[in-house]
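Worksheet: the structure to be examined is printed underneath.
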Amino acid sequence: MNISRQHDAVPRPRARGTERSLARRAELLAIGRRLFADTSYDALSMDDIARQAGVAKGLIYYYFQSKRGYYLAIVQDSVADLVAFAASGVELPQVDRVHRTIDGYLRYAEHNHAAYRTIVSGGVGFDTEVHAIRDSVREAIVATIAEGAYGRTDIAPPARMGLLAWVCAVEGATLDWIDRPELSRATMRDLLVKMLGGTLRAIEELTPTLPAPEPARREA
């Protein structure tokens with residue numbers, strides 16, 4: 001499974017109406033990203049959302065049917081954007097694709113703070129359905145890195161766990177980076193690439209049938 005197929009598995013919710021209504025829906029999603037990034041789902045009422053969005057509450061119901069529908073649409077839309085960024089560059093050589101994936105991931109987080117926080121943390125609070133969506137993104141990134149490093153996605157459990165652990169570390173580091181951008185994106189990317197090289201070498205030690213790519217060996 002590669003990331004483009006995973007992208008298909010997390011489709012954007014269908015929008016209604018004309019170009020004007022599509023623009024209005026997109027505006028509501030952007031507002032929702034900011035609201036739910038800083039406030040828990042339960043703490044925001046539909047009246048609160050409508051007031052801060054400057055629209056009638058009925059308009060939100062029209063597009064999303066319920067507060068729950070609105071929230072999930074925000075998360076799914078954010079996920080689709082992140083996966084699209086990370087999925088770019090499929091025409092590149094395998095190793096270059098890994099670099100492009102990491103850079104695209106960081107670029108998305110850098111320019112979409114609220115949406116990235118919503119994807120990674122599920123907003124403020126805990127939501128099992130949102131976390132399931134987040135987990136699907138993790139698996140998509142793991143699949144993309146595996147394809148870039150090994151030319152395949154059907155990897156042994158130790159390799160999958162190693163890459164998943166790296167992705168989780170990337171999430172935590174990226175959250176800190178967007179709050180305290182003391183490193184340039186290029187430096188951050190290079191740091192994460194070197195961390196990935198260490199992970200790939202560790203995977204090779206445990207699973208010799210999955211040798212680390214040559215660039216990862218040069219970093220040893």
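Annotation: the span from Arg189 atom CZ to Leu196 atom CG amounts to 13.5 Å, rounded to 0.5 Å. Interatomic distance, Ile49 CD1 to Lys67 NZ, rounded to the nearest 0.5 Å: 6.0 Å. The distance from the OH atom of Tyr150 to the CD1 atom of Ile145 is 10.5 Å, given to the nearest 0.5 Å. Note that OH of Tyr116 and CG of Leu106 are 8.0 Å apart. Values are rounded to the nearest 0.5 Å. Separating the CD1 atom in Ile74 from the CZ atom in Arg33 is a distance of 8.5 Å, to the nearest 0.5 Å. Once rounded to the nearest 0.5 Å, the distance linking CE of Met188 with CG of Asp176 reads 7.5 Å.
Ion pairing of Asp179 with Arg117 is present here, as a side-chain N (NZ or NE/NH1/NH2) and a carboxylate O approach within less than 4.0 Å. A salt bridge is absent between Lys194 and Asp190; no separation between the charged side-chain nitrogens and carboxylate oxygens falls under 4.0 Å. A salt bridge links Asp48 and Arg51; the closest N-O separation between the charged side-chain nitrogens and carboxylate oxygens is under 4.0 Å. Contact check on Arg24 versus Glu27 returns a salt bridge, with a Lys/Arg side-chain nitrogen under 4.0 Å from an Asp/Glu carboxylate oxygen. Contact check on Arg138 versus Glu171 returns a salt bridge, with a Lys/Arg side-chain nitrogen under 4.0 Å from an Asp/Glu carboxylate oxygen.
Counting only distance, with no hydrogens or angles, the side chain of Trp166 and the backbone of Leu192 share a donor-acceptor pair below 3.5 Å. The backbone N or O of Leu28 lies less than 3.5 Å from a partner atom in the side chain of Tyr70, making a donor-acceptor pair. Arg152 contributes a side-chain N or O that, together with a main-chain N or O of Asp154, makes up a donor-acceptor pair within less than 3.5 Å.
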Passes side chain to side chain contact (heavy atoms under 4.5 Å, CB included), Val137 versus Val167? Steps please. CA-CA 10 Å; Val137 175; Val167 170; over 6 Å; no
Full working for side chain to side chain contact (heavy atoms under 4.5 Å, CB included) between Thr174 and Tyr108: CA-CA 11 Å; Thr174 302; Tyr108 180 85; over 6 Å; no
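The heavy-atom pair separating Thr207 from Pro158 by the smallest distance is OG1-CB, 3.8 Å. In this structure, Arg25 and Ala73 approach most closely via the heavy-atom pair NH2-CB, 4.1 Å. Heavy-atom minimum distance, Ala169 versus Met195: CB-CE, 4.3 Å. When all heavy atoms of Leu183 and Trp177 are compared, the pair lying nearest together is O-NE1, 2.8 Å. Across every non-hydrogen atom of Pro213 and Ala149, the tightest pair is CG-O, 3.3 Å. Looking at every heavy atom in both residues, Ala146 comes nearest to Ile155 through CB-CD1, 3.9 Å.
The environment of Arg185 atom CZ is dense: over 12 non-hydrogen atoms of other residues, nucleotides or ligands sit within 6.0 angstrom.
Linking Ile, Leu, Val, Met, Phe, Trp and Tyr whenever their side-chain heavy atoms come within less than 4.5 Å leaves Leu210 and Leu206 in two separate clusters.
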